[in-house]
2 protein chains.
Amino acid sequence: MNPKAEKPQGLLSIGEAATHSGVPAKTIRFYEEAGIIKPAQRGDNGYRVYGDGDVQTLRFIHRSRALGFSLKDVAELLELYRNRERASREVKKLALQHVAALDRKIAEMTNVRNTIAGLAEKCHGNHRPECPILEELGAMPKSGLAGMNKGTGARA
Amino acid sequence: MNPKAEKPQGLLSIGEAATHSGVPAKTIRFYEEAGIIKPAQRGDNGYRVYGDGDVQTLRFIHRSRALGFSLKDVAELLELYRNRERASREVKKLALQHVAALDRKIAEMTNVRNTIAGLAEKCHGNHRPECPILEELGAMPKSGLAGMNKGTGARA
DNA sequence: ATAGGGTTTCCCCTTACTGGAAGGTCAAGC
DNA sequence: GCTTGACCTTCCAGTAAGGGGAAACCCTAT
């Protein structure tokens, strides 16, 4: 006898599936509604019932999301995961696209970060009203960011 | 001999304000509705009318947004901008908070980027079905990302 | 029997817009 | 005068990815 044999065979409620997968119950329902996962089986009481495979899938989704893949990407990855005939080329392509997108975002954010840090550095930040940050936000050249965000700088 | 002296004194329609400020007309209305800017004056025909100061404000908002400040932040910056008695300390604080937030996000994204790039490198990406990316997404230890990167995971 | 927890559906809130539909206005062209 | 087209107005819906909370049902324990 199993020391903790509750249900016939790894049949979990949505809450249990949530704790085992890391995906909140509410989010699991959302994924179902959004078509990311198939509608769960229902028990006699109408409750959703999840098996080990379902939990596995949820963890897959959880990790993919944690890596920043969009739900659209996740759906695609999931498809490729289930459908092993699909070539790994597809997966790699998706991953590399994501890396490229991340590189772009990181570069942009770094740029912005340095711009703001540069402005903040020039603001003495005391009780006096003068603040170069506001000055520059209010009077930057029309081109917006174009001239100011190179390196740490923001030379006006 | 202004080549384009149409209106009495820099009185612009919403479309003109849009082109001069870089903020789309639709977004200007949205800002008004959201309380970021005060309701514009109206002409006899009910059209919104903008003056130079309004356009200035819109550009301020545009640049602040381009630097990644949230609308809530922008409202605050705008308040400080108009209300010069406010100390520059406030502004600097807001800017440095934003820099810190950017630093966190950049670090997290870099982490994720390296994780994915590492996985992609191990995937030969040919026509064969085996793909370590899928393998690892599907079978990582329960703790999720814990073993592979340092970030808390990119929960938005 | 009653309390408590978990589950169900439902709808609204978020951020910062963007798109579209239905209708009013205005200047130009014929 | 009439039409066309480019504006403008309002309101409604939708996006990504859920979170919050209500009202009702179910199950278990005391």
Side-chain angles (χ1 to χ4, degrees), chain A residues 6-7 11-37 39-50 54 58 60-78 98 101-102 105 108 112, chain B residues 4 6-7 11-37 39-50 54 58 60-78 98 101 105 109 112 153-156:
Chain A
E6 311 111 346
K7 305 298 171 56
L11 291 185
L12 308 173
S13 70
I14 195 169
E16 291 163 332
T19 60
H20 287 352
S21 68
V23 180
K26 201 118 199 199
T27 304
I28 297 176
R29 295 194 195 96
F30 167 72
Y31 286 164
E32 183 179 312
E33 175 66 29
I36 306 296
I37 57 180
Q41 307 245 106
R42 300 298 184 121
D44 290 349
N45 53 10
Y47 286 15
R48 287 174 180 82
V49 173
Y50 296 90
D54 299 321
L58 286 171
F60 183 98
I61 297 174
H62 186 52
R63 290 180 199 118
S64 303
R65 291 286 303 131
L67 292 180
F69 287 100
S70 71
L71 282 185
K72 196 157 162 288
D73 286 343
V74 171
E76 205 163 336
L77 284 170
L78 219 38
H98 191 37
L102 282 170
K105 277 188 200 157
E108 184 187 322
V112 166
Chain B
K4 286 205 150 185
E6 313 110 343
K7 306 295 172 58
L11 290 186
L12 308 174
S13 69
I14 194 169
E16 291 163 332
T19 60
H20 286 353
S21 67
V23 180
K26 202 118 200 196
T27 303
I28 297 177
R29 294 193 196 98
F30 167 73
Y31 286 164
E32 182 179 312
E33 175 64 28
I36 305 295
I37 56 180
Q41 309 243 108
R42 299 296 184 121
D44 290 350
N45 51 10
Y47 287 14
R48 288 175 180 81
V49 173
Y50 296 89
D54 299 322
L58 286 170
F60 183 98
I61 296 175
H62 186 53
R63 291 181 197 117
S64 303
R65 291 285 305 130
L67 291 180
F69 287 99
S70 71
L71 281 186
K72 195 157 163 288
D73 286 343
V74 171
E76 206 163 335
L77 285 170
L78 217 40
H98 192 37
K105 277 187 203 159
M109 291 181 70
V112 166
R155 311 302 300 279

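Every chain is numbered from 1, with letters handed out A, B, ... down the list of sequences. Just so it is clear, the structure is predicted and the values come from calculations on it, not from any experiment.
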task = Could you check if a side-chain atom of B:L77 sits within less than 4.5 angstrom of a side-chain atom of B:F69, using non-hydrogen atoms only?
result = yes
message = Can you identify which nucleotide, out of D:dG19, C:dT18, C:dA16, has its nearest atom closest to the B:L71 side chain?
response = C:dA16
task = Specify the separation, in whole Å, of atom CG of A:D73 and atom P of D:dA17.
result = 9 Å
query = What is the distance, rounded to the nearest whole Å, between atom CD of B:Q41 and atom C1' of D:dC8?
reply = 17 Å
query = Which nucleotide in the set C:dT8, D:dG18, D:dA17 lies at the smallest distance from any side-chain heavy atom of A:T27?
reply = D:dG18
ask   = Starting at CG of B:L67 and ending at C1' of C:dA16, how long is that distance when rounded to a whole Å?
value = 16 Å
message = Quiz question: by atom type and distance under 3.5 Å, do the side chains of A:T19 and A:E16 form a donor-acceptor pair?
response = no
key: Over all atoms of both residues, closest heavy-atom pair of B:A66 and A:V112   = O-CG2, 3.9 Å
Interatomic distance where CD belongs to B:E33 and C1' belongs to C:dT18 [whole Å] = 15 Å
inquiry  = Check this one for me: any side-chain N or O of A:R42 less than 4.0 Å away from OP1 or OP2 of C:dT9?
reply    = yes
task = Go through D:dC7, D:dA17, D:dC25 for me and flag the one nearest to the B:Y47 side chain.
result = D:dC7
inquiry  = Let's see if you can work this out: which of D:dT9, C:dT8, D:dC26 has an atom nearest to the side-chain heavy atoms of A:I14?
reply    = C:dT8
task = Might you point out which heavy atoms bring B:R42 and B:V49 nearest each other, and give the distance in Å?
result = C-CG2, 4.3 Å
ask   = Counting side-chain heavy atoms from C-beta on, which of C:dT7, C:dG20, D:dA17 comes nearest to B:K26?
value = C:dG20
request  = Check whether any side-chain N or O of B:N45 sits under 4.0 Å from OP1 or OP2 of D:dC8, and answer yes or no.
outcome  = no
query = Where each residue is assigned the nucleotide of DNA chain D containing its nearest heavy atom, which of B:E32 and A:F69 is assigned the position nearer the 5′ end?
reply = B:E32
ask   = Considering only D:dC8, C:dT7, C:dA16, which nucleotide approaches the side chain of B:R65 most closely?
value = C:dA16
message = For B:R65 versus B:S70, what's the shortest heavy-atom pair and its separation?
response = NH1-CA, 3.8 Å
ask   = Heavy atoms under 4.0 Å, any strand shown: does B:R48 hit a base, just sugar-phosphate, or nothing?
value = sugar-phosphate
message = Rounded to whole Å, how long is the line connecting atom CD of A:E16 with atom C1' of C:dG5?
response = 13 Å
request  = Find the distance B:F30:CZ to D:dC11:P and express it as a whole number of Å.
outcome  = 15 Å
request  = Looking at every strand, decide which applies to B:Y31 at a 4.0 Å heavy-atom threshold: base, sugar-phosphate, or nothing.
outcome  = sugar-phosphate
task = Using heavy atoms to find the nearest nucleotide of DNA chain C for A:A25 and B:D44 separately, return the residue whose nucleotide is more 5′.
result = A:A25
note = note: A:Y50, atom OH; C:dG6, atom C1'; distance rounded to Å ~ 14 Å
task = Return the value, rounded to whole Å, for the distance between atom CD1 of A:I28 and atom C1' of C:dG6.
result = 14 Å
